[in-house]
Undergrad: 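Pasting in a structure now, in structure tokens, and then I'll have a few things to ask.
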Amino acid sequence: MDALGLLKIRVRRGINLAVRDAARGSSDPYAIVTCGAHKVKTSVVKSNLNPEWNEELTISIKDLNVPIVLTVHDKDTFSLDDNLGNAEIDIKPYIDCLRMGFQGVSDGITVERIQPSENNCLAGESCIIWKEEKMTQDMTLRLRKIECGEVELQIEWIDLPGCKGLHN
């Protein structure tokens with residue numbers, strides 16, 4: 001297998017998404033995560049600007065330099081779906097922490113804190129946490145190319161037998 005491993009993305013919720021169904025003052029949002037040719041999506045939440053998806057999406061990672069992009073859309077029945085913005089999921093700080101190795105470290109430790117900057121889409125501080133022998137990163141992403149909206153998610157790396165892995 002030519003993949004390095006899998007990235008589990010828990011798309012938790014959208015916050016203050018843009019209105020695209022003007023007649024109802026709402027949107028019917030869903031999220032798509034793409035990495036190269038790989039694309040996965042959440043379900044549609046009807047008439048909600050603060051949708052609770054709480055869905056796990058998994059993508060195969062073959063190249064750490066290929067951007068992972070989250071795009072939110074408004075589902076339309078009789079026309080093309082409207083774009084509600086996008087954000088890049090920067091996994092490089094998370095991967096750097098994973099490569100350090102934390103087996104045997106105290107449970108519940110915050111390994112690193114990443115601050116929002118012009119180089120990322122973070123809406124606030126993002127923490128990489130070692131808990132129950134797993135490393136996760138919680139983040140809230142500010143959507144770009146739209147007047148408002150954020151998406152909360154969590155990422156977790158999954159090593160697979162037969163994959164190249166991160167430590168090669």
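Note that the structure is predicted; figures quoted are calculated from it, not measured.
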Undergrad: Looking only at heavy atoms, which two atoms of Ser27 and Ala18 are closest? And how far apart?
TA: OG-O, 2.8 Å
Undergrad: Donor-acceptor pair, Asn120 side chain versus Gln115 backbone, under 3.5 Å?
TA: yes
Undergrad: Once side-chain hydrogen bond (donor to acceptor under 3.5 Å, both in side chains) is applied, what residue pairs with a partner in residues 31-40 remain, sequence neighbours excluded?
TA: none
Undergrad: Looking at CD of Glu150 and OG1 of Thr140, how far apart are the two atoms once the value is rounded to the nearest 0.5 Å?
TA: 6.5 Å
Undergrad: Can you find a heavy atom in the side chain of Lys131 that is under 4.5 Å from one in the side chain of Thr110?
TA: no
Undergrad: Please report, to 0.1 Å, the donor-acceptor pairs under 3.5 Å made by any side chain of residues 48-57, with sequence neighbours excluded.
TA:
from, atom 1, to, atom 2, distance (Å)
Asn48, OD1, Asn50, N, 2.7
Asn50, OD1, Asn16, N, 2.7
Trp53, NE1, Thr42, OG1, 3.3
Trp53, NE1, Ser43, O, 3.1
Glu55, OE1, Ser43, N, 3.1
Glu55, OE2, Ser43, N, 3.1
Glu55, OE2, Ser43, OG, 2.4
Glu56, OE2, Arg10, NE, 3.1

Undergrad: Does the pair Ile128 and Cys97 meet the rule for a side-chain contact (heavy atoms from CB on, under 4.5 Å), with working shown?
TA: CA-CA 8 Å; Ile128 299 173; Cys97 288; 3.8 Å; yes
Undergrad: Mind checking whether Leu141 and Ile129 sit in one hydrophobic cluster, side chains of I, L, V, M, F, W, Y counted as touching below 4.5 Å?
TA: no
Undergrad: Please indicate whether Lys62 has more than 12 foreign heavy atoms, meaning atoms of other residues, nucleotides or ligands, lying under 6.0 Å from its NZ.
TA: no
Undergrad: Taking the side chain as every heavy atom from C-beta outward, state whether Pro29 and Leu84 have any pair of such atoms under 4.5 Å apart.
TA: yes
Undergrad: Do Ile59 and Cys35 have side chains that get closer than 4.5 Å, going by heavy atoms?
TA: yes
Undergrad: Applying the 4.5 Å side-chain criterion to the ILVMFWY set and letting contacts propagate, would Leu6 and Val69 be lumped into a single cluster?
TA: no
Undergrad: Measuring from atom SG of Cys148 to atom CD1 of Ile15, what distance do you get when rounded to the nearest 0.5 angstrom?
TA: 11.5 Å
Undergrad: I want to check something: taking the side chain as every heavy atom from C-beta on, are Asp28 and Val45 in contact at a cut-off of under 4.5 Å?
TA: no
Undergrad: Which pairs pass ring-ring contact (aromatic ring centres under 6.0 Å, His included) with one or both residues in residues 140-161, sequence neighbours excluded?
TA: none
Undergrad: Should side-chain heavy atoms under 4.5 Å link Ile, Leu, Val, Met, Phe, Trp and Tyr, which residues sit in the same cluster as Tyr30?
TA: Ile32, Val44
Undergrad: Side-chain heavy atoms nearer than 4.5 Å, only ILVMFWY residues, links allowed to pass through others: does that put Ile95 and Val66 together?
TA: no
Undergrad: Atom CD in Glu88, atom CD1 in Ile91: separation rounded to 0.5 Å?
TA: 10.0 Å
Undergrad: Any chain of hydrophobic side-chain contacts (each under 4.5 Å) joining Leu122 to Ile155?
TA: yes
Undergrad: Does a side-chain heavy-atom distance below 4.5 Å link Ile114 with Gln137?
TA: yes
Undergrad: Which residues pass the side-chain hydrogen bond (donor to acceptor under 3.5 Å, both in side chains) test with Asp90, not counting sequence neighbours?
TA: none
Undergrad: Is it the case that the side chain of Asn86 and the backbone of Arg144 share a donor-acceptor pair, with hydrogens and angles ignored and the cut-off at 3.5 Å?
TA: no
Undergrad: Could you tell me whether the side chain of Ser126 and the main chain of Asp138 form a donor-acceptor pair under 3.5 Å?
TA: yes
Undergrad: With the threshold set at 4.0 Å, does a side-chain nitrogen-carboxylate oxygen contact exist between Arg20 and Asp76?
TA: no
Undergrad: When rounded to the nearest 0.5 angstrom, what distance separates OH in Tyr94 from CD in Glu156?
TA: 5.5 Å
Undergrad: Of all the heavy-atom pairs spanning Asp159 and Leu4, show the shortest one and how long it is.
TA: OD1-O, 4.5 Å
Undergrad: Asp74: which residues meet the side-chain hydrogen bond (donor to acceptor under 3.5 Å, both in side chains) condition with it, sequence neighbours left out?
TA: none
Undergrad: Hydrophobic clustering (ILVMFWY, side-chain heavy atoms < 4.5 Å, transitive) - are Ile146 and Leu80 grouped together?
TA: no
Undergrad: Strictly distance-based, threshold 3.5 Å: is any side-chain N or O of Thr71 a donor or acceptor partner for the main-chain N or O of Asn83?
TA: no
Undergrad: Atom NZ of Lys75 and atom CG of Asp81: how far apart are they, to the nearest 0.5 Å?
TA: 4.5 Å
